[in-house]
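Starting from 1, each residue takes its place in the sequence as its number. Because only heavy atoms are used, hydrogens play no part in the values below, and waters and symmetry mates are left out as well, while side chains stay in.
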Amino acid sequence: MFNLIDTAYAAAAEGQTGGGLGSTILMIVVMIAIFYFLLIRPENKRKKQAEEMRSALKKGDWLTTIGGVYGRVVTITDRTVVIETSEDRVRIEFLKSAIGSVGTLDEQAAAQQRGVKKAVKKEEAIEEQAESSDNNE
């Protein structure tokens with residue numbers, strides 16, 4: 001066993017490596033693929049969904065901005081949206097990119113609760129799998 005370790009140290013000292021350039025390039029390609037599927041692709045998907053939501057706005061929709069302002073859409077242009085925030089007819093103009101979510105507060109809360117329930121169910125399923133694998137051992 002010590003002979004193998006001595007051989008490995010001797011090969012490293014002489015500059016001989018088993019992997020070579022091919023394995024290094026392969027590892028770089030694998031890392032780029034991992035970054036694409038874990039970081040870049042989901043972000044592009046979220047951007048596309050947000051753009052579709054903003055383009056589907058129509059007069060009378062209720063929305064919440066990313067700053068937390070809640071109101072009803074009064075006017076829509078290519079780049080901006082004018083919302084009415086209260087019964088006093090206070091109107092504020094925002095860029096479309098400042099829109100956080102569309103729907104009444106009840107609809108937004110229900111959508112958020114669905115997301116929380118899905119996460120809880122997923123955690124419970126993972127715990128059940130872990131318990132069943134512990135019982136099988």
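Residues forming a side-chain hydrogen bond (donor to acceptor under 3.5 Å, both in side chains) with T80 (at least two apart in sequence, or on another chain): T77, E93. Under the side chain to side chain contact (heavy atoms under 4.5 Å, CB included) criterion, S86 pairs with D88, V90, not counting sequence neighbours. Take M53 and apply the side chain to side chain contact (heavy atoms under 4.5 Å, CB included) test, not counting sequence neighbours, and it matches I99, V102. Remark: S101 engages T64, Q108 in a side chain to side chain contact (heavy atoms under 4.5 Å, CB included) (not counting sequence neighbours). Take T65 and apply the side-chain hydrogen bond (donor to acceptor under 3.5 Å, both in side chains) test, not counting sequence neighbours, and it matches no residue.
Listed by first then second residue, pairs satisfying salt bridge (Lys or Arg N to Asp or Glu O under 4.0 Å) with a partner in residues 94-106 number zero, not counting sequence neighbours. Contacts classified as salt bridge (Lys or Arg N to Asp or Glu O under 4.0 Å) and involving residues 62-82 (residues at least two apart or in different chains) are given here: R72-E84. Applying the ring pair (Phe, Tyr, Trp, His ring centres under 6.0 Å) test to residues at least two apart or on different chains, none of the pairs has a partner in residues 90-113. Every pair passing ring pair (Phe, Tyr, Trp, His ring centres under 6.0 Å) that includes a residue from residues 38-78 is listed here, sequence neighbours excluded: W62-Y70.
Side-chain heavy atoms closer than 4.5 Å link hydrophobic residues (I, L, V, M, F, W, Y) into clusters, and following such links, even through other members, never connects L95 to I66.
Using a 4.5 Å cut-off on side-chain heavy atoms (C-beta onward), I92 and V82 make no contact. Side-chain atoms of I83 and L63, non-hydrogen and from C-beta on, do get closer than 4.5 Å to each other.
Considering CD1 of I28 and OG1 of T24, their distance stands at 6.5 Å, rounded to 0.5 Å.
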Name the atoms and distances for all side-chain donor-acceptor pairs under 3.5 Å in residues 29-52, with sequence neighbours left out.
residue: E43; atom: OE1; partner: R46; partner atom: NH2; Å: 3.0

